[in-house]
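Only one structure is covered here, and it is reproduced in the block below.
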Amino acid sequence: MQTTKIPATIVTGFLGSGKTTLMRHILEQAKGLRVAVIVNEFGELGIDGEILKTCAIGCKEEGGADTQSGQIYELANGCMCCTVQEEFFPVMKALAERRADIDVLLIETSGLALPKPLVQAFQWPDIANVFTVDSVVTVVDTPAAAAGQFAHDPHAVDEQRQADPNLDHDASLHELFEDQLSAADLVVLSKADLVTPEQLGQVRAMVAEEVPASVKMIEAVQGQVPLNVLLGQHRAAELSINDKHSHHDHDEDHEHDAFDSLHIDLGAVERDRLMQALQAIVEQHGVLRVKGFAALPGKKMRLLVQGVGRRFDAYFDRAWAEGEAAATRLVFIGKQLDAAVLQQALKSAEV
């Protein structure tokens, strides 16, 4: 009988910070480790789960990375800390029943999730007897932080909000950013190759103001972080999480009503026109995040599209499966989004 607890690594971070890229790196490098994965996302489609299922994670047994086999669990009904009692507990109980088959548990939180309530859930007896939080890894989007996306002075944020009501959303994101850092045992500064050394130093200094000196920071490009840095930290974070301050410590219930999530279905699209339309949508509407897949005429491969703010990445991730309809599906996350307006804005991309 297995008597040691299963170490759980929680990967948190803002929308588009690079969490999924980091998760893929862990799974691709975890040779011989039996890894269970929980993917939680704020969105109507299992985009991140699909991305993870297409990477080579060594799941050769029957069922592989299928959600029914217990390899990957997607919880798509909001942020994990909101649904923890409704969904997280049953999933953890199911994993506990298979504890002899699991070496490591990875949890990718939603970009809107507060990590502290999730870590506190590991104090529950039925979970604490089987699992421990090895560490909380917070991924910081270095270029976004260098561009001043997160303000240090809440009074300055309030002043900006007074001057421009559209900045209400930014103020809440600042608090969320601080809360994600407050729970961190390790901070990964992602996309470090996209900033200057001076900007990288500024982001390091900004993060250092939000975390204790004992919290390590490491830079990453394409999620490339040594596995021994990410795993095996033995922090038992659930034992000290109550001592870590967050902005939502006194909230009995928190909601993300300011954020909308909707998806748009299209047929085949022309790549350049699609990217132009997405850029225009981001500039004209309150869109924070775009992710999904696109079908291009004459192409047997599926185009993966991901965007944060005005930065977009698009690349072919896999061939369309036999019997799978080649279609375009995009998730938009933002504020006060109108599906009809976005659908109309994307019409120019269809062929």
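Please read these numbers as outputs of a predicted model, since none were measured by experiment.
A side-chain donor-acceptor contact under 3.5 Å links H25 to the backbone of V225. Judged purely by atom type and a 3.5 angstrom limit, R271 has no side-chain atom pairing as donor or acceptor with the backbone of L303. Listed for the E283 side chain is no donor-acceptor partner under 3.5 Å among the backbone atoms of A280. Panel note: side chain S190, backbone V140; a donor-acceptor pair is recorded below 3.5 Å. A donor-acceptor contact shorter than 3.5 Å links the side chain of Q233 to the backbone of N228. Between the R99 side chain and the T4 main chain, a donor and an acceptor come within less than 3.5 Å of each other. Between the side chain of K5 and the backbone N or O of N129, no donor-acceptor pair lies under 3.5 Å.
The CG atom of L278 sits 13.0 Å away from the CZ atom of R273 when rounded to the nearest 0.5 Å. Rounded to the nearest 0.5 angstrom, W124 CH2 and K93 NZ are separated by 12.0 Å. Put simply, CD1 on I26 and CG on L106 are 5.0 Å apart, with the number rounded to the nearest 0.5 Å. Here CD of Q224 is found 9.5 Å from OG1 of T21. Values are rounded to the nearest 0.5 Å. Atoms CG and CG, on D134 and L105 in that order, are 10.5 Å from each other to the nearest 0.5 Å. For the atom pair NZ of K291 and CD of Q306, the computed distance is 8.0 Å after rounding to the nearest 0.5 Å.
A 4.5 Å side-chain heavy-atom check between M23 and V37 finds at least one atom pair inside the cut-off. Contact of the V305 side chain with the Y315 side chain is not registered, since no non-hydrogen atoms from C-beta on lie closer than 4.5 Å. With contacts defined as side-chain heavy-atom distances shorter than 4.5 Å, the pair I218/V229 qualifies. Within the 4.5 Å cutoff, side-chain heavy atoms of V139 are placed close to those of V11. Inter-residue side-chain proximity for V290 and F312 is flagged as met; some heavy-atom pair is nearer than 4.5 Å. The closest side-chain heavy-atom distance from I6 to T132 is not below 4.5 Å. For the pair V187 and L181, the minimum side-chain heavy-atom distance is below 4.5 Å. No side-chain heavy atom of V215 sits under 4.5 Å from any side-chain heavy atom of L186.
Listed by first and then second residue, the salt bridge (Lys or Arg N to Asp or Glu O under 4.0 Å) pairs involving residues 220-242 are D185-R235 (not counting sequence neighbours). Legend: salt bridge (Lys or Arg N to Asp or Glu O under 4.0 Å) pairs involving residues 6-17, not counting sequence neighbours: none detected. Every pair passing salt bridge (Lys or Arg N to Asp or Glu O under 4.0 Å) that includes a residue from residues 217-226 is listed here, sequence neighbours excluded: R204-E219.
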field: side chain to side chain contact (heavy atoms under 4.5 Å, CB included) evaluation trace for H263 with F332
entry: CA-CA 6 Å; H263 74 269; F332 294 85; over 6 Å; no

query: Should H285 and Q336 be marked as a side chain to side chain contact (heavy atoms under 4.5 Å, CB included) after you check the CA-CA gap, both sets of side-chain angles, and the distance that decides it?
result: CA-CA 8 Å; H285 306 281; Q336 298 180 343; over 6 Å; no

- request: Please step through side chain to side chain contact (heavy atoms under 4.5 Å, CB included) for the pair T9 and L230, ending with a clear verdict.
  value: CA-CA 8 Å; T9 297; L230 294 167; 5.7 Å; no

- request: Take E108 and T20, measure what side chain to side chain contact (heavy atoms under 4.5 Å, CB included) needs, and give me the verdict at the end.
  value: CA-CA 8 Å; E108 179 187 356; T20 301; 2.8 Å; yes

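More than 12 heavy atoms of other residues, nucleotides or ligands lie within 6.0 Å of CD in Q279, so this atom counts as buried by the packing criterion.
Across every non-hydrogen atom of A36 and L95, the tightest pair is CB-CD2, 4.0 Å. Taking every heavy atom of both residues into account, L262 and A339 meet most closely at CD2-N, 3.8 Å. Across every non-hydrogen atom of I333 and V331, the tightest pair is CG1-CG1, 4.1 Å. Nearest approach of A294 to L274, heavy atoms of both residues: CB-CD2, 3.9 Å. A319 and M301 get closest at one heavy-atom pair: N-SD, 3.5 Å. Contact between V136 and A237 at its shortest, heavy atoms only, is CG2-CB, 4.5 Å.
Hydrophobic cluster membership is shared by L227 and L22, with clusters built from Ile, Leu, Val, Met, Phe, Trp and Tyr side chains linked at under 4.5 angstrom. Clustering ILVMFWY residues whenever any of their side-chain heavy atoms sit less than 4.5 angstrom apart, transitively, puts F89 in the very cluster that holds F131. Both V269 and F316 belong to a common hydrophobic cluster when Ile, Leu, Val, Met, Phe, Trp and Tyr are linked at side-chain heavy-atom distances under 4.5 angstrom. Under the 4.5 Å side-chain heavy-atom criterion for ILVMFWY residues, no single connected hydrophobic cluster contains both W320 and L330.
Taking the side chain to side chain contact (heavy atoms under 4.5 Å, CB included) definition, one finds that L194 meets it with P143, K191, sequence neighbours left out. Take D103 and apply the salt bridge (charged side-chain N to carboxylate O under 4.0 Å, His left out) test, not counting sequence neighbours, and it matches R34.
Geometric assessment of R329 against the ring of F293 yields a negative cation-pi assignment under the 6.0 Å and 45° thresholds.
Of the N and O atoms on the side chains of T12 and T138, not one donor lies less than 3.5 Å from an acceptor on the other residue. Checked by atom type, the side-chain pair E210/S182 shows no donor-acceptor distance below 3.5 Å.
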Tabulate below the donor-acceptor pairs under 3.5 Å that side-chain atoms of residues 342-351 make, not counting sequence neighbours, or state none.
from: Q343; atom 1: NE2; to: D265; atom 2: O; distance (Å): 3.2
from: E350; atom 1: OE2; to: G267; atom 2: N; distance (Å): 3.3

